[in-house]
**Student:** 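Before we start, here is the structure in question, set down as structure tokens.
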Amino acid sequence: MPAQPNESESALALFKNAVEKSLSRKLSIADLFTAAAQLKAAGLDRRAVELYKHWIAFNVDDPVIYAAYFNYATALADAGDRSGAINALREAIRIQPDFQPPYINLGRLLEDSGQVGAAVAQWMALVERAAAVNGESVAHKLSALQQTARVLESLNKDEAAEDALRQILEIDPEREEVVQHWIALRQRQCKWPVVQPSERVTRADLANGISSLSLANHCDDPMFQLAKAHHYEKRAIGRPKRRLLPAEKRRGKDRLRIGYVSSDLREHAVGFAMTDVLESHDRAHFEIYAYYCGIARNDPTRERIVAAVDRWTDINGMDDETAAAKIAEDEIDVLVDLNGYTKDARTKVFSLRPAPIIVNWFGFPGTMGSPYHHYIIADPVIIPDESEIYYSEKVVRLPCYQPNDRKRVVAPNRPTRAEAGLPENAFVYCSLNGMQKLTALTFDRWARILTAVPGSVLWLLTGAEQTNARVREEAKARGVAPERVIFADKMANPHHLARYPLADLFLDNFPYGAHTTAADALWMGVPIVTFAGRSFASRVCASLVRAAGVGELACASAEDYVALAIELGKDGRKLAGVRDRLAKVRETSLLFDTPRLVGELETLYRNMWSDYERGELPRPDLRNLDIYHEIGLDLDLEKIELLGDADYAALYERKLADWDAAYPIAPDARMWRPR
């Protein structure tokens, strides 16, 4: 047994001794596991594999050899032998079919090998076999169902994935990560009502687990959204075990260092919008660093961003502490969170406070509810003064909150209506947002608009085939012929932009309206009718149409929104006037004035740095948020949008008073100021 490279004499001796004992059947399975673990800890994965192989060969009659096969499979997988690991796991299952862990691992290895159907079959075999009611079998069954749901969702088999997740919730309704996925799936499928309780799963269970992003799609309740963000931060991020030592204040700097952290600095709505900003920063006074945590794929947008910034760092291979240490080593002054609570975010990096100033901007439509985000960037429309109570961060404002790319690529070939499947002479209303933004109340309004404008059609961005069929059935139930709802295939952004002018008028969603989608439509000359709610996500589009020079399209209420959409659908001359004005001011409007936005943004950064130097950084206000969260769990969240502002405030004040009568609440700066 020749020594392997980097193998110490002690490790080789350990290996030889364990093999000799295996051959003479004097090595117990417990000692086998210990020796193999020691070899792995020494970085000798291949020696651990050899040891398992020798032991199994000469201890075939050991009553728990199936456990040895299971660990052997783990060692093989760690050493890069996926096929060997699959065979070992199958042998463990053959020897002891009631030993449940191999089913989970075998499914993952089969999935990684492209055998998705076989992977699901393994997990479902475990679900069928896990009949005994004990903690271990239930845990394995839930794990198998969760793995199954994850794979089915990735294959766009949403209904099957939803069913698997529902089975988990019927057993354990407090699994918040399962609730998150289940609700997100129902939103994507337009299954209304989305929050559907059952005998075993209460409305409060579902409200407790809903993600912050799904909540923005679901309701116009900014107080509960703040409380939810705080609840999530405490549960999923929490207080770090240790934090970086604070950097010394660096005075008299010639250039502030700005760090942008995002998984979306690529062909993604955030990447598209941010590229022009990153290219336009004043390099005489600012150094720009980008920290990327997204998918490992290059594309033209990412290439532009890499070329635009002073330094690009991929932090995907780093754990949170290493990534935070890298940011601290770079001496970043202002660290901008462009993810918030969205997919692939690295929020734990921010919790380590690797920079003196942390800012929430653009990637997430709402507050972070965290103790370490100092500022949120908005504008006067999105967060008016009276709405600052719904944010834990200090609110700072740009003239218009949303960045845009003036250099966005539009495909030169513009499709015809016939090529897009649209009737030539119809009035085309569109809403090319994701299906998850569509709610029953919004669809009620759209049906009223279509009914009032004969010959009109509704052009939506496609969902899955079953989802499209469901939406058409919902139209039929509201008196609208199903064929009047037409679906646009998903396509690359240049071609997607090129087809926008086929629409006559964009209808905004509520409560999560169009953001970058709205900017795309306005850039391509398509007007948008919208109305502002109370929450961040519901007010962005109103800000954008004002900044685009057509502020009259931002209505005061849902009823005004319906009335204006009908009026423009019937009055071609009035609509043509709006479209002409939109086209004339496009190049000069506030919405697309990136140099002005960047200049104002840089002023905000300078002011933040001045706050820091004076020792006046804002302290996030987190008072009573656990109580606001408990109150929100019992509300009918979908119906909140039907309340006027006064009734909305009165609802919370009444609930707080009821709570205070039993458990006194200290005053806060939001809705609780006891008389």
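Keep in mind that the numbers below use all heavy atoms, side chains included, and drop hydrogens, waters and symmetry copies. Heads up: numbering here begins at 1 and tracks the sequence. Here the structure is a predicted model, which is why all the values come from computation and not from measurement.
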**Student:** Quick one: does Y375's side chain get under 4.5 Å of I357's, heavy atoms only?
**Tutor:** yes

**Student:** Using the test side-chain hydrogen bond (donor to acceptor under 3.5 Å, both in side chains), find all partners of E393 that sit at least two apart in sequence or belong to another chain.
**Tutor:**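 side-chain hydrogen bond (donor to acceptor under 3.5 Å, both in side chains) check on E393 returns N360, T367.
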
**Student:** Pair Y512, T439 - check side chain to side chain contact (heavy atoms under 4.5 Å, CB included), show working.
**Tutor:** CA-CA 10 Å; Y512 196 138; T439 68; over 6 Å; no

**Student:** How close do Q225 and C219 get, heavy atom to heavy atom, and via which atoms?
**Tutor:** NE2-O, 3.0 Å

**Student:** Is a donor on one side and an acceptor on the other found under 3.5 Å between the side chain of N316 and the backbone of G294?
**Tutor:**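 Answer holds: yes.
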
**Student:** Are the side chains of V428 and F506 in contact, using a 4.5 Å heavy-atom criterion?
**Tutor:** no

**Student:** Can you name the residues that form a side-chain contact (heavy atoms from CB on, under 4.5 Å) with A345, not counting sequence neighbours?
**Tutor:** N339, T347

**Student:** Give me the atom names and distance for the closest heavy-atom approach of D276 to N404.
**Tutor:**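 Result for this residue pair: CB-O, 3.5 Å.
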
**Student:** According to the interplanar angle, ranging from 0 to 90°, do the rings of Y341 and Y232 count as parallel (below 30°), tilted (30 to 60°) or perpendicular (above 60°)?
**Tutor:** perpendicular

**Student:** Can you sort out the partners of A452 under side-chain contact (heavy atoms from CB on, under 4.5 Å), two or more places apart, ordered by chain and number?
**Tutor:**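 A452 satisfies side-chain contact (heavy atoms from CB on, under 4.5 Å) with I566 once adjacent residues are dropped.
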
**Student:** Under the side-chain contact (heavy atoms from CB on, under 4.5 Å) test, which residues partner T451, sequence neighbours left out?
**Tutor:** V480

**Student:** Using modelled atom types only, decide if a donor and an acceptor are shared between the side chain of N468 and the backbone of G463 within a distance under 3.5 Å.
**Tutor:**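 Yes, because the side chain of N468 sits within donor-acceptor range (under 3.5 Å) of the backbone of G463.
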
**Student:** Are a donor atom and an acceptor atom from the side chains of N509 and S431 found within less than 3.5 Å of each other?
**Tutor:**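 Present: a donor and an acceptor within the cut-off.
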
**Student:** Salt-bridge test for K191 and E162: reply yes if a basic N is under 4.0 Å from a carboxylate O, no otherwise.
**Tutor:**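 A salt bridge is present here (some side-chain N lies under 4.0 Å from a carboxylate O).
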
**Student:** Is there side-chain contact between E474 and W446, with at least one heavy-atom pair below 4.5 Å?
**Tutor:**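 Not in contact.
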
**Student:** Check whether any side-chain heavy atom of F362 sits under 4.5 Å from a side-chain heavy atom of V336, and report yes or no.
**Tutor:**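 Counting from C-beta outward, F362 and V336 never come under 4.5 Å.
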
**Student:** Do any N or O atoms from the side chain of D344 and from the backbone of S263 form a donor-acceptor pair under 3.5 angstrom?
**Tutor:** no

**Student:** Not counting sequence neighbours, list each pair that qualifies as a salt bridge (Lys or Arg N to Asp or Glu O under 4.0 Å) and has a residue in residues 295-307.
**Tutor:**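 Pairs touching residues 295-307 that pass the test: E279-R304, R304-D405.
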
**Student:** Given 3.5 Å as the limit, does a donor-acceptor pair link the side chain of R484 with the main chain of S456, or not?
**Tutor:**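 Looks like yes, one N/O pair under 3.5 Å.
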
**Student:** I would like to know whether V396 and I376 meet side chain to side chain contact (heavy atoms under 4.5 Å, CB included); could you show each step before the answer?
**Tutor:** CA-CA 6 Å; V396 293; I376 182 171; over 6 Å; no

**Student:** Considering all heavy atoms of both residues, which atom of M274 and which atom of P403 are nearest to each other, and what is their separation?
**Tutor:** SD-CG, 4.0 Å

**Student:** Is M435 close to L461 at the side-chain level, that is, under 4.5 Å between some pair of heavy atoms?
**Tutor:**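 They are not in side-chain contact.
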
**Student:** Using the side-chain hydrogen bond (donor to acceptor under 3.5 Å, both in side chains) criterion, which residues pair with T467? Sequence neighbours excluded.
**Tutor:**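 Checked T467 against side-chain hydrogen bond (donor to acceptor under 3.5 Å, both in side chains); zero matches.
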
**Student:** Any salt bridge (Lys or Arg N to Asp or Glu O under 4.0 Å) involving residues 417-426? Give me the pairs, sequence neighbours left out, ordered by first then second residue.
**Tutor:**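 Output for this query lists R417-D504.
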
**Student:** Taking atom NZ as the centre, does K476 end up with more than 12 heavy-atom neighbours from other residues, nucleotides or ligands that are less than 6.0 angstrom away?
**Tutor:**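 No, not enclosed.
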
**Student:** Does K407 reach the side chain of T275, with side-chain heavy atoms less than 4.5 Å apart?
**Tutor:**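 When only atoms from C-beta onward are counted, T275 and K407 do not touch, as no gap falls below 4.5 Å.
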
**Student:** Would you kindly say whether D379 and S543 are connected by a side-chain donor-acceptor distance under 3.5 Å?
**Tutor:** yes

**Student:** Will you find, in the side chains of Q189 and Q466, an N or O donor that is under 3.5 Å from an N or O acceptor?
**Tutor:** no

**Student:** Give me each pair satisfying salt bridge (Lys or Arg N to Asp or Glu O under 4.0 Å) with a member in residues 578-594, each pair once, sequence neighbours excluded.
**Tutor:** E552-R581

**Student:** Give me the atom names and distance for the closest heavy-atom approach of H515 to A537.
**Tutor:**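 Here H515 and A537 meet closest at NE2-O, 3.1 Å.
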
**Student:** Just so I know, are the side chains of C293 and V349 near enough to count as touching, which here means a heavy-atom distance under 4.5 Å?
**Tutor:**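 The answer is no, as the side chains (C-beta and beyond) never meet within the 4.5 Å cut-off.
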
**Student:** Please find out if less than 6.0 Å separates the ring center of Y291 from that of Y260.
**Tutor:** no

**Student:** Minimum heavy-atom separation for Q402 and A519, please, with both atom names.
**Tutor:**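 Looking at all heavy atoms of both residues, the closest pair is NE2-CB, 3.4 Å.
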
**Student:** For residues 510-525, pull every pair meeting salt bridge (Lys or Arg N to Asp or Glu O under 4.0 Å), keeping only residues two or more places apart or in separate chains.
**Tutor:** R408-D520

**Student:** Set out, in order, the CA-CA distance, both residues' side-chain angles and the distance that settles side chain to side chain contact (heavy atoms under 4.5 Å, CB included) for L215 and L637, then state yes or no.
**Tutor:** CA-CA 9 Å; L215 186 63; L637 296 171; 4.1 Å; yes

**Student:** Is the shortest heavy-atom distance from the side chain of I383 to the side chain of R397 under 4.5 Å?
**Tutor:**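 The answer is yes, as the side chains (C-beta and beyond) meet within the 4.5 Å cut-off.
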
**Student:** Tell me the ring pair (Phe, Tyr, Trp, His ring centres under 6.0 Å) pairs involving residues 527-551, sequence neighbours left out?
**Tutor:** Y401-F536, F510-F531, F531-Y561

**Student:** Output yes when D330 and R311 qualify as a salt bridge under the 4.0 Å nitrogen-oxygen rule, no when they do not.
**Tutor:** yes

**Student:** Output, in order, the C-alpha distance, side-chain angles, deciding distance and verdict of salt bridge (Lys or Arg N to Asp or Glu O under 4.0 Å) for D310 and R283.
**Tutor:** CA-CA 9 Å; D310 293 289; R283 290 307 197 276; 3.2 Å; yes

**Student:** Counting heavy atoms not belonging to N298, are there more than 12 under 6.0 Å from its CG?
**Tutor:**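 Atom CG in N298 is crowded, with more than 12 foreign heavy atoms closer than 6.0 Å.
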
**Student:** First locate atom OG of S387, then atom CZ of R539, and finally report the distance between them rounded to the nearest 0.5 Å.
**Tutor:**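 Rounded to the nearest 0.5 Å, the OG-CZ separation comes to 5.5 Å.
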
**Student:** Name the residue from D320, D319, D337 that meets the side chain to side chain donor-acceptor pair (under 3.5 Å) definition with R346.
**Tutor:** D320

**Student:** For K348, is the NZ atom crowded, meaning more than 12 foreign heavy atoms sit under 6.0 Å from it?
**Tutor:**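 No - once you tally the heavy atoms of other residues, nucleotides and ligands closer than 6.0 Å, there are 12 at most.
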
**Student:** Take E465 and R472 through the test salt bridge (Lys or Arg N to Asp or Glu O under 4.0 Å) and record every step on the way to the result.
**Tutor:** CA-CA 11 Å; E465 185 176 341; R472 282 184 166 135; over 6 Å; no

**Student:** Got a sec, which residues hit side-chain contact (heavy atoms from CB on, under 4.5 Å) with T530, two or more places apart in sequence or on another chain?
**Tutor:** D508, C541, A542, V545, A554

**Student:** Using modelled atom types only, decide if a donor and an acceptor are shared between the side chain of Q187 and the backbone of S214 within a distance under 3.5 Å.
**Tutor:**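 Confirmed, Q187 side chain pairs with S214 backbone.
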
**Student:** Look up atom OG1 in T301 and atom CD1 in I305, then write down how far apart they are to the nearest 0.5 Å.
**Tutor:** 6.5 Å

**Student:** Report the C-alpha separation of V453 and Y429 in whole Å, then their side-chain angles, then the decisive distance to 0.1 Å, and conclude whether the side chain to side chain contact (heavy atoms under 4.5 Å, CB included) test is met.
**Tutor:** CA-CA 10 Å; V453 182; Y429 292 105; 3.3 Å; yes

**Student:** Considering residues at least two apart in sequence or located in another chain, which fulfil the side-chain hydrogen bond (donor to acceptor under 3.5 Å, both in side chains) criterion with R499?
**Tutor:** H496

**Student:** Side chains of E602 and H285 only: does a donor on one sit below 3.5 Å from an acceptor on the other?
**Tutor:**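 No, no side-chain donor-acceptor contact under 3.5 Å.
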
**Student:** Of all heavy-atom pairs between F443 and A475, which one has the smallest distance, and what is that distance?
**Tutor:** CE2-N, 3.4 Å

**Student:** Quick check on salt bridge (Lys or Arg N to Asp or Glu O under 4.0 Å): which of R186, R470, R188 does E159 satisfy it with?
**Tutor:**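 It is R470; the other options fail the test.
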
